[in-house]
There are 2 protein chains.
Amino acid sequence: MTLIQLRYLVAIADASLNITLASQHVHATQPGLSKQLKKLEEELGFQLFVRRGKSLASITHAGQQVMRRARKMLDEAANIRSIAANLRNEDQGELRIATTHTQARFALPEAISALNLQYPLVRVHLQPGGDRDVLAQLESGWADLAVISRAGAPPPLGVALPAYRWNRVILVPHQHPLTSRSHALSLADLAGQPLVSYESSLKPESSLRRAFETEGLSPQIVMTASDADLIKIYVRAGLGVGVLAEMAILPSDADLHSLDADHLLPQCTTWIVLRRETILREYVLDFIHKFAPHLARQDITRALTEPSPRYWPPVPHWRERNLADISASA
Amino acid sequence: MTLIQLRYLVAIADASLNITLASQHVHATQPGLSKQLKKLEEELGFQLFVRRGKSLASITHAGQQVMRRARKMLDEAANIRSIAANLRNEDQGELRIATTHTQARFALPEAISALNLQYPLVRVHLQPGGDRDVLAQLESGWADLAVISRAGAPPPLGVALPAYRWNRVILVPHQHPLTSRSHALSLADLAGQPLVSYESSLKPESSLRRAFETEGLSPQIVMTASDADLIKIYVRAGLGVGVLAEMAILPSDADLHSLDADHLLPQCTTWIVLRRETILREYVLDFIHKFAPHLARQDITRALTEPSPRYWPPVPHWRERNLADISASA
DNA sequence: CGCGTTTACGTCGTTCGTAACGATA
DNA sequence: TATCGTTACGAACGACGTAAACGCG
């Protein structure tokens with residue numbers, strides 16, 4: 001058994017059992033992978049894959065077991081290499097972030113450009129997706145960190161560090177009836193309106209639906225999008241009332257009217273999620289600190305090794321956070 | 001980085017930094033280890049060991065980190081090999097048990113000889129020690145399983161399976177004053193006597209001391225031994241009153257008088273402790289089932305993967321257990 | 001007939017063991 | 001001087017890549 005064999009093994013699995021494709025991913029030739037796989041199976045004494053003719057049809061049950069162990073081993077090998085790279089003060093590498101569209105578009109850019117300024121040789125990969133995809137990509141090992149938002153408890157996976165809190169806003173065109181109400185905005189007002197919001201608000205566990213349900217109301221969601229920019233476009237088109245994250249409101253949206261929803265919908269927290277027991281490169285720690293300045297580097301490293309949940313310094317709100325960012329960089 | 005290099009690395013650490021000794025343990029030559037270590041350090045770019053002259057003086061801080069990861073990787077490699085060996089129905093291998101003297105001497109022999117009958121090619125290694133040593137040997141990876149007794153909660157480490165419950169007995173010579181009491185034996189009676197018991201009873205957290213303390217008494221322990229046989233010898237010599245595990249009473253001890261202490265001292269449970277997330281060889285599962293017949297094989301494998309504590313079938317008492325053993329083998 | 005896998009083969013790199021050397025206590 | 005680690009060298013093994021053959025859709 002060799003680390004190379006295991007690397008080839010998971011590469012084949014990750015290439016959906018296409019050895020040729022896998023060989024390109026690991027920068028080797030296809031016969032090399034075939035042969036190493038054969039040797040590994042010979043050494044272990046059983047088939048890792050089910051063959052149909054000459055091609056691989058599926059992974060054996062025992063193969064699945066081996067695959068899990070092999071992944072762990074390769075992860076640990078990567079950790080060892082990270083320890084080494086950190087000690088050598090290597091300033092190049094990759095940073096793979098799995099996150100939602102909103103974070104990628106409105107929250108992450110400053111931190112990423114600050115990182116790029118400090119570490120020009122680090123290549124950043126952003127992988128947008130739904131909450132499920134994001135966590136899956138973290139677990140699979142593709143992503144170094146995930147950035148994800150929740151109204152309630154932190155995501156159950158890995159180590160979750162709170163980055164900032166935020167609220168939602170109601171977005172309407174100027175001169176929309178909702179802008180001229182004499183009393184404060186209520187959920188009942190919104191229940192009568194066609195709503196345009198994120199895809200996630202269709203899920204039964206969405207905090208939007210729940211907020212309405214606890215008042216005995218039900219929202220009329222006429223359109224959803226994964227993308228705040230799309231929501232704005234349809235609000236401009238008069239399709240309905242937008243419900244979106246306050247981070248998504250830009251100066252260029254002055255043609256629209258945004259109303260506070262702090263008292264209507266529960267506050268959300270954006271979390272940075274990491275795999276437990278993983279060695280992070282120095283620039284990843286720096287990035288996290290840039291993105292969530294209230295987290296000291298030692299807070300992060302401690303959280304990664306400690307099994308018990310920690311008590312965090314107070315988590316800033318999005319509105320305070322921007323100020324803090326500016327003052328910190330000044 | 002190679003698995004062989006990592007294997008050499010931990011071998012050197014386990015041989016207390018003596019490369020020559022380590023080379024014998026891994027069945028290789030000493031220059032081979034030296035060279036591989038050098039290559040590994042070159043690849044990682046930093047020293048894993050602190051050198052004094054040509055010899056290794058200590059492990060670098062970073063080296064410790066690498067060592068931990070390397071051990072994990074080698075453990076996983078061993079797990080993969082175990083999966084393979086199980087699938088091939090290999091009937092040879094090793095079973096390393098870390099346990100206390102009492103278990104090794106009085107509880108384990110039947111199960112071990114039954115195992116040897118079924119798997120003549122499996123070599124069993126018993127490593128007696130104190131509770132701390134036993135758990136350390138399990139964690140270090142030397143032992144496949146630990147067998148250990150506790151009066152209260154299960155050991156905090158790994159996965160603990162309850163094997164059986166047992167009580168202590170008071171052992172005195174015939175015609176000792178305690179044998180002719182009209183009323184039931186009490187702790188107060190024992191407090192007036194010189195006691196001979198296990199070494200562990202000297203520890204402040206020992207259940208013996210605690211039992212006395214809750215009644216405001218304090219035991220006079222005149223002698224301790226790690227070994228039940230030694231305790232018996234000194235009871236015979238009239239040094240004092242023995243307090244020991246009921247398993248230690250053999251038919252050949254008919255020259256002594258043993259008194260129930262069920263109502264005086266709390267019941268103990270003997271636990272089988274395993275490392276979590278470890279693949280066990282088939283014969284290890286068989287052994288556990290032989291030693292704790294109330295545990296089905298699936299109970300064991302489930303407990304190894306499940307993170308949550310499980311509810312066990314009723315745990316037999318030592319006295320019932322022997323009967324069950326006999327009836328099962330009949 | 002294209003795609004993917006296997007087999008065959010030659011070259012290269014690497015590892016291993018033996019043996020000699022060096023340093024240290 | 002005995003013990004332990006490093007260096008040197010030759011032999012053998014193993015891995016890799018190129019090229020060709022085989023199956024399958």
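The basis for the numbers below is simple: all heavy atoms, side chains too, and nothing from hydrogens, waters or symmetry mates. Chain letters run A, B, ... following the sequence lines, proteins first, then strands; residues in each count from 1.
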Rounded distance (nearest 0.5 Å) linking atom CE of Met73(B) with atom CZ of Arg68(B): 15.0 Å
Distance, rounded to the nearest Å, where Gln30(B) contributes CD and dT15(C) contributes P: 16 Å
Interatomic distance where NZ belongs to Lys35(B) and P belongs to dT18(C) [whole Å]: 14 Å
Salt bridge (charged side-chain N to carboxylate O under 4.0 Å, His left out) assessment of Asp286(A) paired with Arg281(A): CA-CA 9 Å; Asp286(A) 281 343; Arg281(A) 293 294 306 275; over 6 Å; no
Atom-pair distance (CG on Leu33(A); P on dT5(C)), nearest Å: 10 Å
Nearest-angstrom distance from the residue atom CZ of Phe49(A) to P of dT5(C): 11 Å
Closest-nucleotide 5' rank along DNA chain D - winner of His27(A) and Arg52(A): His27(A)
Selection: residues 2-17 of chain B, any non-hydrogen atom under 4.0 Å of DNA chain D: Leu17(B)
Pairing of Glu94(B) and Arg96(B) as salt bridge, 4.0 angstrom limit: yes
Start and end of chain B contact along DNA chain D [non-hydrogen atoms, under 4.0 Å]: dC4(D) to dC9(D)
Residue from Glu41(A), Lys39(A), Gln36(A), Lys35(A) passing side-chain hydrogen bond (donor to acceptor under 3.5 Å, both in side chains) with Gln5(A): Gln36(A)
Separation of atom CD in Gln36(A) from atom P in dT6(C), rounded to whole Å: 13 Å
Side-chain heavy-atom pair Tyr8(A), Leu37(A) within 4.5 angstrom cut-off: no
Separation of atom NZ in Lys39(A) from atom P in dT7(C), rounded to whole Å: 14 Å
Test item: Asp91(B) and Tyr283(B) side chains (from C-beta on) under 4.5 Å apart, heavy atoms: no
Protein-nucleotide distance (Asn18(A), atom CG; dT5(C), atom C1'), rounded to Å: 10 Å
Thr29(B) side chain, from C-beta outward: closest of dT6(C), dT15(C), dG17(C): dG17(C)
Sugar-phosphate, base or nothing in reach of Arg51(B), heavy atoms under 4.0 Å: sugar-phosphate
Integer-rounded Å distance: dA23(C) P and Lys54(B) NZ: 6 Å
Electrostatic pair Arg71(A):Glu139(A) at N-O distance under 4.0 angstrom: no
Derivation of the salt bridge (charged side-chain N to carboxylate O under 4.0 Å, His left out) call for Arg7(A) and Asp14(A): CA-CA 10 Å; Arg7(A) 179 153 157 257; Asp14(A) 288 345; over 6 Å; no
Note, Leu48(A) side chain near Leu9(A) side chain (heavy atom, < 4.5 Å): yes
